[in-house]
Structure formats: C-alpha cells, structure tokens
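Below is one structure; the comments refer to it alone.
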Amino acid sequence: MIPSRLSLDRRQRWGLTLGIITAIVGGVYITLPHRQWNRLRQLQEEYQQKSQLSQTLMGMEERFNQTQQRWQQGQEQLANLEAGCCTDGQARMFFENLNTWAREANLQPISRSLSPITSLTHTQNSMIWTQSADMVLEGGFYDMMNYLNRLIDRPQTVVLNSLRISMPPGQEHYPRLSFRVVLIITPEQQEELA
C-alpha cells in the first residue's frame with residue numbers, strides 16, 4: 001500500500017525537489033539537442049539539394065550560353081553568306097550581260113549555256129541556291145584576264161571553275177577560254193521566283 005502522505009522531512013523534500021528539477025532539466029537538455037540535431041540534419045539536406053539544383057542550373061545556364069553563342073555565330077555566318085549572295089534579278093542581269101561584257105573586252109562569244117536555279121543541299125527548304133553559266137570565248141590572252149577580273153570584281157560572290165585556256169585547231173592567234181561562272185542566290189529571293 002502506498003501511503004497517502006509521504007512523510008518526508010525538509011531535507012528530503014529539498015532533495016526530491018532538486019531531483020525532479022534535475023530530471024526535467026536533464027530531459028530538456030537531452031531532447032533539445034536531439035531536436036536541434038534533427039533540424040540541423042534537415043537543413044543540411046535542404047542545403048545539399050539546393051546546392052545540387054544550383055549546380056544543375058549553372059550547368060544549364062552555361063549550356064544555354066554556349067548554344068546562344070553558336071546561334072549568334074551561325075547568324076553571323078549566314079549574314080556573311082547573304083552579303084555575298086545576289087538576288088534573282090541581279091543574277092538574271094549578270095548572266096544577260098556576260099556576252100556584252102565579253103564584246104566590250106574585245107572577246108568573241110562562242111557559246112553560253114545557262115543552267116536553271118538549283119539547290120546545293122537538295123532539300124525543299126534549302127538555304128543555298130545557285131545558278132551557273134558555261135561560257136566559251138575567243139580573243140587575246142590579256143583581254144581574257146581583264147574580262148575574268150571584271151567578273152570577279154563584284155560585291156557578290158562570283159565563283160569561276162572549270163577554267164581552261166586552249167588553242168583551237170587551225171587557230172594561231174586567238175586562244176579559246178572556257179569556264180563556268182556560278183552565282184549564289186539568297187533563299188528569300190528564290191521564293192519570289194515561285
């Protein structure tokens with residue numbers, strides 16, 4: 001049986017009170033650090049997650065910047081290409097004037113065959129279109145060089161290939177010049193042809 005009233009003297013009551021207070025304070029000191037450690041661990045995990053997310057975002061930002069830089073370089077290359085291109089009307093005038101310029105350079109046009117406008121990439125949405133003409137001329141060597149210089153001395157890109165100078169059989173004085181001249185036409189101007 002438990003006595004209804006404990007008979008403790010004053011010294012024992014103070015001891016019991018101090019024991020209870022010590023137990024409460026000790027419990028608080030034991031449970032508080034445990035809670036704080038749990039909270040600290042939780043904060044540390046949140047920090048690590050945010051740090052990983054931050055590193056991922058920094059990597060994505062770096063890749064975005066690289067992609068943006070490549071896009072800008074592509075835009076600059078396209079602008080440079082378009083600067084060397086000509087419109088369909090400019091190409092038409094250029095090819096129509098080939099024989100006139102040859103005569104002005106004291107050359108005799110023998111033949112000129114104009115090719116249709118074609119795509120270099122062989123796709124419907126091509127970015128590069130070209131048109132070319134095969135030319136054969138006769139005349140003096142220096143006149144030929146002046147004529148070729150006149151063709152390439154233009155703001156647009158003019159490509160000369162298959163260049164050949166020969167002496168036709170039975171001809172002693174005037175060599176024959178054969179070549180292909182190619183112009184690059186911008187895609188916007190090509191759409192106007194349709």
Side-chain angles (χ1 to χ4, degrees), residues 55-194:
Q55 288 175 354
T56 302
L57 288 175
M58 285 175 23
M60 289 173 67
E61 181 181 14
E62 184 177 330
R63 281 181 282 172
F64 173 77
N65 289 338
Q66 290 171 351
T67 303
Q68 187 177 22
Q69 193 174 35
R70 283 194 309 260
W71 182 80
Q72 287 174 343
Q73 289 171 347
Q75 288 296 99
E76 289 171 6
Q77 290 173 348
L78 181 61
N80 290 338
L81 176 67
E82 287 179 348
C85 294
C86 60
T87 65
D88 176 53
Q90 289 171 330
R92 195 175 311 116
M93 290 296 291
F94 177 84
F95 289 120
E96 287 174 5
N97 288 326
L98 285 176
N99 285 343
T100 304
W101 294 333
R103 286 188 201 97
E104 289 173 0
N106 297 321
L107 298 173
Q108 179 62 42
I110 303 299
S111 70
R112 180 189 77 165
S113 62
L114 190 61
S115 71
I117 295 175
T118 58
S119 166
L120 280 183
T121 57
H122 303 293
T123 63
Q124 284 186 330
N125 296 331
S126 176
M127 293 299 294
I128 302 174
W129 295 84
T130 63
Q131 188 170 18
S132 63
D134 291 318
M135 295 284 299
V136 178
L137 306 169
E138 281 186 358
F141 178 78
Y142 292 107
D143 294 333
M144 290 178 186
M145 294 302 107
N146 289 334
Y147 177 74
L148 293 175
N149 283 330
R150 181 175 183 177
L151 293 182
I152 61 174
D153 189 26
R154 304 180 59 76
Q156 296 86 12
T157 301
V158 176
V159 179
L160 298 176
N161 59 23
S162 305
L163 192 66
R164 183 173 173 213
I165 298 177
S166 62
M167 277 310 248
Q171 185 72 272
E172 295 180 17
H173 300 290
Y174 296 110
R176 183 170 283 179
L177 170 66
S178 61
F179 62 96
R180 173 172 288 154
V181 58
V182 182
L183 292 180
I184 301 171
I185 301 172
T186 56
E188 293 82 12
Q189 277 67 30
Q190 175 58 26
E191 291 173 4
E192 294 174 5
L193 296 176

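If you take CH2 on Trp129 and OG1 on Thr118, they are separated by 8.0 Å, rounding to the nearest 0.5 Å. Between the CZ atom of Arg176 and the CD atom of Gln108 there is a distance of 10.5 Å, given to the nearest 0.5 Å. For the atom pair CG (Leu137) and CZ (Arg103), the distance works out to 10.0 Å, reported to the nearest 0.5 Å. We find the CD1-CZ distance between Ile117 and Arg92 to be 7.5 Å, quoted to the nearest 0.5 Å. Between Asn97 atom CG and Arg150 atom CZ the span is 8.0 Å, to the nearest 0.5 Å. The CD atom of Glu61 sits 8.5 Å away from the CG atom of Leu57 when rounded to the nearest 0.5 Å.
Within a 6.0 Å sphere centred on CE of Met93, other residues, nucleotides and ligands contribute 12 heavy atoms or fewer. Annotation for Tyr174: atom OH does not count as buried by contact number, only 12 or fewer foreign heavy atoms lying within 6.0 Å.
Residues Leu177 and Leu163 meet the side-chain proximity criterion, which asks for heavy atoms closer than 4.5 Å. The closest side-chain heavy-atom distance from Met135 to Leu160 is not below 4.5 Å. At a threshold of 4.5 Å between non-hydrogen side-chain atoms, the residues Phe64 and Gln68 count as touching.
Closest of all the heavy-atom pairs between Leu151 and Val158 is O-CG2, 3.4 Å. Here the closest heavy-atom approach between residue Pro109 and residue Ala102 is recorded as CG-CB, 4.1 Å. Residues Val136 and Ser178 approach most closely at CG2-CB, 4.0 Å, considering heavy atoms. Annotation for Met144 and Gly139: closest pair CE-O, 3.3 Å, computed over non-hydrogen atoms. Pairing each heavy atom of Ala91 with each of Leu183, the nearest pair is CA-CD1, 3.7 Å.
A side-chain donor-acceptor contact under 3.5 Å links Tyr147 to the backbone of Leu98. Using a distance-only test at 3.5 Å, with no hydrogens or angles considered, a donor-acceptor pair links the side chain of Ser115 to the main chain of Ser132.
Phe94 and Trp101 have their aromatic ring centers within a separation under 6.0 angstrom.
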